[in-house]
Amino acid sequence: MQKPPSFFSRIKPDVLLAVFSAAAYIPLLFLPFVFDDVMSVRNNPLLRDLSNAAYLFHPAYTHVFRNEGFEPFTFLYLMLAGKLVAWQAWGFHALSLLAHAACAWTVYKLALLLLGKEKPALLAGLLFALHPAQAESLVAALFSGTIFSALFFLAALYRFMERDGRDGAAGKLLTGLLFGVSLLFKERSFSGLPLFFLLPFLRGVPKPPGCRKGMKIPYEESPLTPASPGGGFKELRRRLPELLALSFFWTAALFSRLSAGRGSSLGFKDMDPAYLFAKLAAYARMLFFPFQLSPVYQKTPALPGPAGLAALLLAGGVIFLALKYSGRGRRGYNPAATGAAAFLLLLLPYLNLLPVTDLAEYLNSVFVSNRYLYLPLAGAAVVFAAFAAEAEELLSARRGGPAFLKASGAALLALCLALSAQQQLIWRSDERVWLRAVKLNPASPWANYMLGSYYLQEGLPDEALPRLNLALSLNPPRGVLSNALGALAAARLLKGETKEAEEGALKALEAWEFNYDAWNIYGAALAGLGKRKEAAAAFEKAAEAEITGDTPLVNLGRLYLELGDPAKAAAAFERALKRENSVDTLDLLCGAYAASGRLKEASAACLASLGLKPDRPPALLRLARIYLALGMGEPAELCLAEAVRLDPANTEARLLLKKAGSKK
């Protein structure tokens with residue numbers, strides 16, 4: 001009697017792949033907001049109001065928030081996702097996991113289309129999903145744009161190959177639209193357009209299963225239609241309408257990018273072609289030896305070391321063997337050549353060879369990054385799957401061959417899973433992340449600056465100062481130089497060295513005038529030196545960028561209180577509350593209103609503060625005084641009674657309560 005199929009055998013392999021791809025990153029659900037998420041997502045007031053959606057395409061917005069280029073759809077997604085998940089970190093992480101699983105599934109479908117074999121295609125999807133370098137793109141909500149950009153590009157690529165030009169005008173426009181959406185999420189796929197134009201030349205007459213390379217078959221046995229008897233210029237002409245649609249959306253995205261950001265233009269200033277070989281070696285090392293991954297990397301010599309050279313040779317060997325023995329899939333594309341072309345072309349923007357000034361400046365400071373491998377890994381996974389498919393065919397007939405292949409595949413995936421889990425666990429603590437970065441890259445200005453900034457945020461200026469000074473000594477690029485000088489000024493301010501803080505903030509602004517955090521520090525230093533009018537102007541300048549949050553406006557309000565102008569102070573606190581509804585700011589606003597004689601508004605602000613954080617005797621006592629000034633004895637008595645209940649030793653509350661009771 002035949003056994004009934006098991007539960008797992010009834011589930012489609014691609015469904016299992018998607019579920020496993022997401023499940024492998026479940027530990028990320030327990031991470032808080034990390035990296036730039038605190039500033040750019042959690043504390044970003046601009047994203048809280050849907051009416052600001054159009055501003056996401058604004059030049060000032062893209063300039064201040066630019067991380068790795070023009071990415072309006074990333075922030076539009078964050079705005080909508082925040083509403084959906086109530087701005088909880090786990091919600092953003094969950095959405096990233098789902099998008100990553102969808103990417104892995106699309107890579108599997110692409111590999112299946114190219115190879116026509118289930119097991120190697122599944123291997124491609126799993127390698128893409130589990131490679132340790134992918135973890136970095138999933139740990140931060142701000143990096144979700146990388147994942148969605150990859151998803152839309154892979155969908156466009158799959159449609160281009162699977163539909164084979166059979167679509168009408170609407171279908172061709174849909175393929176182009178998917179590509180355009182990808183570009184507006186992130187610039188990862190800008191060099192994908194040459195890949196589409198190259199694909200017709202990577203196509204030939206596909207061979208039936210079991211037909212080895214070099215064996216001839218009659219054309220009539222090919223599954224290709226008579227309209228497309230192979231690749232080359234004839235195939236290019238046949239696919240030209242779809243290629244023109246892709247080019248239209250690519251051009252539109254490029255013009256949007258160049259016109260939307262200050263400092264975004266064409267130029268060759270910060271390109272560094274001399275480091276091309278070193279960068280390729282670094283990425284090959286990440287790909288094949290992902291044991292010491294770091295969030296930032298120091299600039300290596302132009303000639304790579306032994307590990308980088310070994311990784312390059314290994315990559316070249318895999319590509320050579322895959323090309324030598326690989327056949328053609330159901331659509332006639334050479335899977336190894338297609339995968340290799342995809343890997344190299346999609347990595348091209350991050351080799352700093354494109355003459356886009358602001359992107360080149362940023363890449364000159366970053367050198368290489370794990371998350372730049374996210375989309376290129378799809379191509380690498382296809383190459384490896386093509387290599388595995390040929391190995392399976394060669395070893396399947398040999399004794400022990402199938403068992404060896406299964407054991408090798410399982411060991412590889414288990415290693416990837418273990419290293420990926422290690423990468424996820426590192427991000428549980430910012431200190432662990434940046435200590436590891438400094439350990440692996442002691443000469444990196446970025447790593448030392450980020451570790452120093454972490455210590456500064458924790459209120460540890462003595463620990464921050466050595467790191468920030470070291471970052472400055474390592475010849476940092478302009479952005480890191482300005483940020484490190486600003487952080488150094490903040491550390492001086494914490495230590496009470498006000499004059500040194502003023503000088504440091506000025507140097508930070510000389511390096512980069514759009515460092516709005518430095519404007520805030522400069523204002524605080526000026527205020528400490530008694531230069532209150534200049535301080536007010538500095539705080540106003542810092543407040544121009546909403547990314548600075550409510551801090552400069554709160555500082556401005558405090559300054560006006562010191563100047564004896566509670567009306568202006570109240571206006572500053574009101575502006576601050578539009579950015580972040582803070583208990584402390586509401587308390588300050590209450591005091592400013594009371595000092596201005598606006599007692600009803602003061603009571604409303606105090607009630608709002610207690611609504612956010614109740615059971616605070618000082619706030620209850622303040623509200624009671626306001627009620628007494630308004631002649632509202634009964635609510636004042638209730639506030640005082642509650643204050644005494646919470647703090648029986650509060651003498652002032654007891655005296656006021658007794659006085660209020662004696663007036664009855």
Side-chain angles (χ1 to χ4, degrees), residues 35-36 39-40 62-69 261-265 267-272 274-275 294-300 350 352 356-369 430 434 437-438 441-457 461 463-495 497 499-526 538 541-542 544-545 547-548 552:
F35 209 49
D36 290 337
M39 174 180 65
S40 299
T62 57
H63 178 73
V64 172
F65 285 85
R66 184 170 61 238
N67 181 34
E68 296 153 2
R262 290 184 221 152
S264 185
S265 60
F268 300 91
K269 179 183 175 184
D270 288 298
M271 293 169 56
D272 51 358
Y275 287 88
S294 170
V296 293
Y297 292 88
Q298 65 193 39
K299 206 165 190 174
T300 64
Y350 300 98
N352 204 4
V356 181
T357 53
D358 54 333
L359 181 64
E361 180 185 357
Y362 182 82
L363 292 174
N364 201 24
S365 66
V366 172
F367 192 58
V368 294
S369 173
D430 282 354
W434 300 118
V438 167
N441 302 275
S444 165
W446 264 115
N448 284 283
Y449 159 67
M450 292 302 298
L451 183 57
S453 295
Y454 166 78
Y455 286 137
L456 189 60
Q457 290 166 10
E463 285 81 356
L465 284 170
R467 289 296 166 189
L468 295 171
N469 281 317
L470 179 57
L472 291 170
S473 71
L474 293 171
N475 191 27
R478 184 180 65 160
V480 181
L481 173 64
S482 179
N483 287 329
L485 284 168
L488 192 63
R492 297 291 186 196
L493 202 60
L494 278 177
K495 290 175 68 66
E497 300 170 3
K499 185 62 180 175
E500 291 82 353
E502 179 198 19
E503 293 171 355
L506 269 177
K507 288 179 181 178
L509 292 169
E510 288 170 4
W512 190 44
E513 64 177 306
F514 297 108
N515 186 340
Y516 292 99
D517 286 327
W519 278 109
N520 184 48
I521 296 161
Y522 184 49
L526 288 170
K541 183 68 176 178
E544 286 180 7
I547 196 170
T548 54

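Nothing here was measured: the structure is a model prediction, and the numbers come from that model. We number each residue from 1, following the sequence as shown.
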Of all residues at least two apart in sequence or in a different chain, which pass the side-chain contact (heavy atoms from CB on, under 4.5 Å) check with Y454?
D430, E431, E458
[atom1]/[X] to [atom2]/[Y] distance, rounded to the nearest 0.5 angstrom?
X: Y297; Y: S369; atom1: OH; atom2: OG; value: 7.5 Å
X: N441; Y: L474; atom1: CG; atom2: CG; value: 11.5 Å
X: K507; Y: L481; atom1: NZ; atom2: CG; value: 10.5 Å
X: Y522; Y: E502; atom1: OH; atom2: CD; value: 5.0 Å
X: W446; Y: Q298; atom1: CH2; atom2: CD; value: 15.5 Å
X: L506; Y: L526; atom1: CG; atom2: CG; value: 7.5 Å

Of the non-hydrogen atoms in [X] and [Y], which two are nearest, and what is the gap between them?
X: N520; Y: P552; answer: OD1-CA, 3.4 Å
X: A489; Y: I521; answer: CB-CG2, 3.8 Å
X: Y516; Y: A542; answer: O-CB, 3.5 Å

For [X], enumerate each residue passing the side-chain hydrogen bond (donor to acceptor under 3.5 Å, both in side chains) test, keeping only those at least two apart in sequence or located in another chain.
X: E497; value: R492
X: Y275; value: none
X: S444; value: none

Could I get the full list of ring pair (Phe, Tyr, Trp, His ring centres under 6.0 Å) partners for W434, not counting sequence neighbours?
F35
For E503, all residues meeting salt bridge (charged side-chain N to carboxylate O under 4.0 Å, His left out), sequence neighbours excluded
none
Are any side-chain N or O atoms of [X] and backbone N or O atoms of [Y], one a donor and one an acceptor, separated by less than 3.5 Å?
X: W512; Y: V480; value: no
X: N515; Y: S482; value: yes
X: N448; Y: A471; value: no

V438 vs R467, side-chain contact (heavy atoms from CB on, under 4.5 Å): CA-CA, chis, key distance, verdict:
CA-CA 10 Å; V438 167; R467 289 296 166 189; 3.4 Å; yes
Salt-bridged, E544 to K541, with N to O below 4.0 Å?
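Salt bridge between E544 and K541, a charged N being under 4.0 Å from a carboxylate O: yes.
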Kindly check if the number of other-residue, nucleotide or ligand heavy atoms within 6.0 Å of CG (N469) is above 12?
yes
List the steps and the verdict of side-chain contact (heavy atoms from CB on, under 4.5 Å) for Y449 and N483.
CA-CA 8 Å; Y449 159 67; N483 287 329; 3.3 Å; yes
